[in-house]
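Inspection log for the structure reproduced underneath, given as structure tokens.
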Amino acid sequence: MKLTFYKYQGTGNDFVMVDNRQGVFPKNDTKLVSFLCDRKFGIGADGLILLENDEKSDFKMVYYNADGNESSMCGNGGRCLVAFANYLGIVKEETSFLAVDGLHHATISEEMVSLQMQNVDKIDTKPKYFFLDTGSPHHVQMVENLDNLNVFKEGAKLRYGVYGEKGSNINFVEQLSDNSFHVRTYERGVENETLSCGTGVTAVAISMFDSGKTISNEIVINTPGGELKVSFEKNGSGYKNISLIGPAKQVFKGTIEC
Ligand SMILES: N[C@@H](CCC[C@H](N)C(=O)O)C(=O)O
């Protein structure tokens, strides 16, 4: 099969995008997805995303991690998919689309995408970390000297040690100012540190506010791949109107024999 693909990145979290509106992609072929995401033998990416038709919204997002398995919500992937839908002419500056965790509203202007995330109802606050679901599961832990941390080693230890086979994404955080934080993330399903994780920085912003580390509901997050912004409103014991804002760019397009 000759597959036409597009490569996108959002703050360095990179994705193979396939327009699957004709339903040609073999969706249960785990080996094919992991091959396409392989950085040595394939195209190379943290994940693969199919853009599909949806009856009630502009399009549907189907997300796979680099290991080839379909997974939970990907915030940066969602932002990149909005840019892809805009490139394909499916949407203009505003859209609603269906993802695995429900409907998402988004806006796009000059390669900056603002993506509304699902409400967060519950934050587990433990003595050394927070755990919350922002579409994907996230462990959030404050550390010192984040630049020198071995995120691969420490992330894998927690991902398997605390969360078992199902796992969790692991975010390490250091506060930079009143409303800004430095974040590095070990991603489940990639099983490595990625340059940025959208649902991860969302989890960090909310847990930092919830624990009183910041009083701002507009948070700037520095990741190794660039800057993201997260804003939200408190909603009883949870959070609503959560927006993840940042760049989403097409890097190249091509065809691959597979
Ligand atoms: N990179 C993503 C998160 C993708 C899902 C994650 N790896 C998981 O399986 O939980 C993001 O930007 O949110």
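Remember, it's a predicted structure, so these values are computed and weren't measured experimentally. When a ligand or atom number is given, it counts from 1 through the structure's own listing order.
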- Please find out if less than 6.0 Å separates the ring center of F84 from that of Y8. yes
- Note: ligand 1 atoms sitting under 4.0 Å from heavy atoms of T199 are 3 (C), 11 (C), 12 (O), 13 (O)
- Task: Could you check whether the rings of F97 and F59 sit parallel, tilted or perpendicular, using 30° and 60° as the cut-offs?
- Result: parallel
- Taking distance alone, with no angle check, do N76 and ligand 1 share an N/O pair under 3.5 Å? yes
- Report, in ascending order of atom number, the atoms of ligand 1 lying under 4.0 Å from any heavy atom of G75. 11 (C), 12 (O), 13 (O)
- Query: Does some non-hydrogen atom of V190 fall short of 4.0 Å from ligand 1?
  - Reply: no
- Item | Identified ring pair (Phe, Tyr, Trp, His ring centres under 6.0 Å) counterpart of H139 within the set F131, F172, Y163 | Y163
- Message: Please confirm whether the ring centroid of Y6 lies under 6.0 Å from the ring centroid of Y87.
- Response: yes
- Give the atoms of ligand 1, by number and element, whose distance to some non-hydrogen atom of M73 is under 4.0 Å. 3 (C), 4 (C), 5 (C)
- Task: Considering only NZ, NE, NH1 and NH2 on the basic side and carboxylate oxygens on the acidic side, decide whether R159 and E191 come within less than 4.0 Å.
- Result: yes
- Message: If we only consider heavy atoms of G189, is any one of them less than 4.0 Å away from an atom in ligand 1?
- Response: no
- Message: If the cut-off is 4.0 Å to any non-hydrogen atom of N65, which atoms of ligand 1 fall inside it?
- Response: 5 (C), 6 (C), 7 (N), 8 (C), 9 (O)
- Please check if the side chain of T134 supplies one atom and the backbone of T202 the other of a donor-acceptor pair under 3.5 Å. no
- Atom indices of ligand 1 within 4.0 angstrom of S71 heavy atoms, with elements: 8 (C), 9 (O)
- Which is closest to atom 1 (N) of ligand 1 in terms of heavy atoms, T11, T202, N13? N13
- For a side-chain hydrogen bond (donor to acceptor under 3.5 Å, both in side chains) with Y239, tell me which candidate from D121, N217, N119, D210 qualifies. D210
- Numbered atoms of ligand 1 (with element) below 4.0 Å of Y63, judged on heavy atoms: 4 (C), 5 (C)
